[in-house]
Amino acid sequence: MGAEAEHPQQQQPPSSLRPGREAAAAAAPAVLGLQLSALIDHVARVDWSLLDRVPGDRGGSQQVSIDELNHILTEVNAHILPSRNDLTPITTIAGGSVANTIRGLSAGFGISTGIIGACGDDSQGILFVNNMSFSGVDLTRLRAKKGHTAQCACLVDASGNRTMRPCLSSAVKMQANEFRKEDFKGSKWLVVRYAQQNMEQIVEAIRIAKQEGLSVSLDLASFEMVRDSRSKLINLLETGNIDLCFANEDEAREVIGGGPTSDPEEALAFLGKYCKWAVVTLASKGCMAKHGKQVVQVPAIGESNAVDTTGAGDLFASGFLYGLVKGLPLEECCKVGACSGGSVTRALGGEVRPENWQWMYKQMHARGLLLPELKN
């Protein structure tokens with residue numbers, strides 16, 4: 001797409017990504033993210049005419065082939081919308097729900113994080129490594145493999161709503177037999193994104209994580225994923241191994257098999273049967289969350305100024321997990337999540353810009369929330 005990386009590139013992955021290297025002996029990251037395939041997002045604001053020609057549901061995350069992805073990226077340049085506030089119309093950056101969440105925890109909240117997964121040896125892989133390491137994410141659990149890094153076209157309309165078209169089929173991926181207990185030992189949380197095609201790896205990673213005493217957070221990925229593989233998701237929830245579950249309004253509707261008028265409170269209660277904490281995000285209406293018998297609802301922050309909602313749920317999860325790591329009450333976890341979720345919508349892409357972290361800290365301070373202790 002012709003977009004340049006926002007951080008300096010290096011010519012080869014660092015030694016920490018070379019196969020066979022053990023995880024660093026330093027203190028384990030508090031939060032680990034399971035992203036089996038490193039991924040690069042190509043984010044662009046485009047007009048409706050392109051979205052109308054892209055196969056699949058608008059607003060969803062339907063997988064495409066490499067040829068389809070390349071066609072979409074070629075078409076994007078002809079359909080870019082004028083940028084708001086002189087923002088770059090195209091952003092190419094490390095992406096994926098889990099990567100967005102742990103990058104936000106590290107860069108914005110000062111929580112130590114690491115990623116478990118595989119990265120290709122191509123230019124996209126180098127970009128992923130540079131971006132994540134720049135944000136302070138521990139990459140000693142990221143395996144380097146020969147092959148391609150996953151990519152995703154993130155198409156944003158004039159209202160800031162996004163449609164995702166990921167290409168994962170040709171990307172390198174971490175396999176279930178590659179997980180090691182040492183990857184998980186000493187950490188507190190494992191962040192997972194639901195994907196029915198990766199159930200073997202997800203189940204194995206969760207098994208080891210629970211053996212090592214970690215809590216597990218699950219994001220429901222997309223309404224298509226929930227709709228197409230609901231039974232596998234229910235089976236996973238019924239194991240009792242999911243401590244925290246995040247769903248947006250569309251995913252919540254699908255998880256209970258409801259229609260357009262189904263009640264998010266019903267979905268929250270359903271998820272709360274299986275998880276210690278359950279959260280349903282409601283876009284401009286904020287969020288609701290359940291912990292035991294306690295249920296809270298918190299309004300959104302910053303949604304009216306949304307440039308791009310890519311990563312809003314992921315960064316909400318960053319803030320919510322920060323609250324849990326710090327032992328905050330449920331309502332305060334939701335308020336921090338609303339602040340961080342709002343911060344990423346103020347610019348293009350799923351990474352919060354420095355000025356928008358400052359905006360978030362001001363919002364947190366105004367609400368009396370615990371501010372992060374950040375290292376210089």
Side-chain angles (χ1 to χ4, degrees), residues 6-7 31 33 41 43 45 83-89 91 93-113 131-132 134-137 154 156 159-162 164 191 217 219 246 248-249 279-287 289 298-326 328 331-375:
E6 294 187 4
H7 307 301
V31 180
D41 279 340
V43 191
R45 300 185 68 244
S83 59
R84 290 195 215 169
N85 305 322
D86 296 320
L87 296 176
T88 305
T91 297
I93 199 164
S97 175
V98 171
N100 291 341
T101 295
I102 63 170
R103 179 176 54 204
L105 272 166
S106 177
F109 290 102
I111 300 296
S112 60
T113 65
N131 179 239
M132 297 301 284
F134 182 89
S135 297
V137 177
C154 306
V156 184
S159 300
N161 299 312
R162 92 290 182 274
M164 318 286 271
V191 176
S217 167
D219 181 272
F246 292 103
N248 65 29
E249 197 166 6
V279 182
V280 176
T281 56
L282 305 169
S284 61
K285 299 189 293 294
C287 74
V298 169
I301 297 171
E303 281 282 341
S304 61
N305 296 317
V307 172
D308 172 17
T309 59
T310 302
D314 306 332
L315 269 295
F316 176 95
S318 301
F320 193 94
L321 283 163
Y322 163 78
L324 290 184
V325 169
K326 294 295 186 180
L328 301 184
E331 186 171 0
E332 292 187 20
C333 290
C334 290
K335 288 180 178 179
V336 178
C339 291
S340 54
S343 70
V344 77
T345 68
R346 297 169 62 83
L348 202 63
E351 180 180 36
V352 180
R353 299 187 178 196
E355 64 271 23
N356 292 328
W357 282 129
Q358 294 304 315
W359 176 89
M360 184 193 78
Y361 301 144
K362 290 179 182 177
Q363 301 299 320
M364 291 177 64
H365 178 72
R367 290 161 177 78
L369 300 170
L370 178 67
L371 290 170
E373 298 175 6
L374 296 172
K375 298 177 183 178

Shortest non-hydrogen pair, Leu374 vs Gly110, comes out as CD2-N, 3.4 Å
Taking the side chain as C-beta and beyond, is there a heavy-atom pair between Arg45 and Leu348 under 4.5 Å? yes
Can you name the residues that form a side-chain hydrogen bond (donor to acceptor under 3.5 Å, both in side chains) with Asp314, not counting sequence neighbours? Ser97, Asn100
Please enumerate all residues that pass side-chain hydrogen bond (donor to acceptor under 3.5 Å, both in side chains) together with Asp308, with sequence neighbours excluded. Thr310
Can you confirm whether Val325 sits close enough to Phe320 that some side-chain heavy atom of one is under 4.5 Å from a side-chain heavy atom of the other? no
Indicate the atoms forming the closest heavy-atom contact of Asn131 with Ala94, along with that distance. OD1-CB, 3.1 Å
Between Tyr361 and Gly108 (side chain of the first, backbone of the second, donor and acceptor by atom type, cut-off under 3.5 Å), is there such a pair? yes
Stepwise side-chain contact (heavy atoms from CB on, under 4.5 Å) check, Val279 with Phe316: CA-CA 10 Å; Val279 182; Phe316 176 95; 3.6 Å; yes
Return the SG to CG distance between Cys287 and Leu282, rounded to the nearest 0.5 Å. 7.0 Å
Keeping Arg103 on the side-chain end and Gly350 on the backbone end, is there a donor-acceptor pair under 3.5 Å? yes
Without swapping roles, check the side chain of Thr91 against the backbone of Gly349 for a donor-acceptor pair under 3.5 Å. no
Report the residues that fulfil side-chain hydrogen bond (donor to acceptor under 3.5 Å, both in side chains) with Gln363, sequence neighbours left out, ordered by chain and then residue number. Arg367
Ignoring hydrogens, what is the shortest heavy-atom contact between Glu351 and Ser135? Give both atom names and the distance. OE2-OG, 3.5 Å
Restricting to non-hydrogen atoms, name the atom on Ala283 and the atom on Ala300 that form the minimum distance, rounded to 0.1 Å. O-CB, 3.6 Å
In chain order, what residues pass the salt bridge (charged side-chain N to carboxylate O under 4.0 Å, His left out) check against Glu249, with sequence neighbours excluded? Lys285
For Cys333 and Gly323, work out which heavy atoms get closest and say how close. SG-C, 3.5 Å
Closest approach of Asn356 to Ala347 (non-hydrogen atoms, all atoms of both residues): ND2-CB, 3.9 Å
So CG of Leu315 and CE of Met360: to nearest 0.5 Å the spacing works out to 8.5 Å
Is the closest side-chain heavy-atom distance between Met364 and Val336 below 4.5 Å? yes
Evaluate the side-chain contact (heavy atoms from CB on, under 4.5 Å) criterion for residues Phe246 and Val191: first the C-alpha distance (whole Å), next the side-chain angles of each, then the deciding distance (0.1 Å), finally the verdict. CA-CA 11 Å; Phe246 292 103; Val191 176; over 6 Å; no
For Tyr322, all residues meeting ring-ring contact (aromatic ring centres under 6.0 Å, His included), sequence neighbours excluded: Phe109
Interatomic spacing from CH2 in Trp357 to OG in Ser343 - rounded to 0.5 Å: 5.0 Å
Taking side chain to side chain contact (heavy atoms under 4.5 Å, CB included) as the test, write out the residues that go with Thr113, two or more places apart. Val31, Ile102, Leu105, Ser106, Val137
Are the side chains of Val307 and Thr345 in touch, meaning some heavy atoms are under 4.5 Å apart? no
Can you name the side chain to side chain contact (heavy atoms under 4.5 Å, CB included) partners of Glu331, sequence neighbours left out? Val296, Val298, Lys335
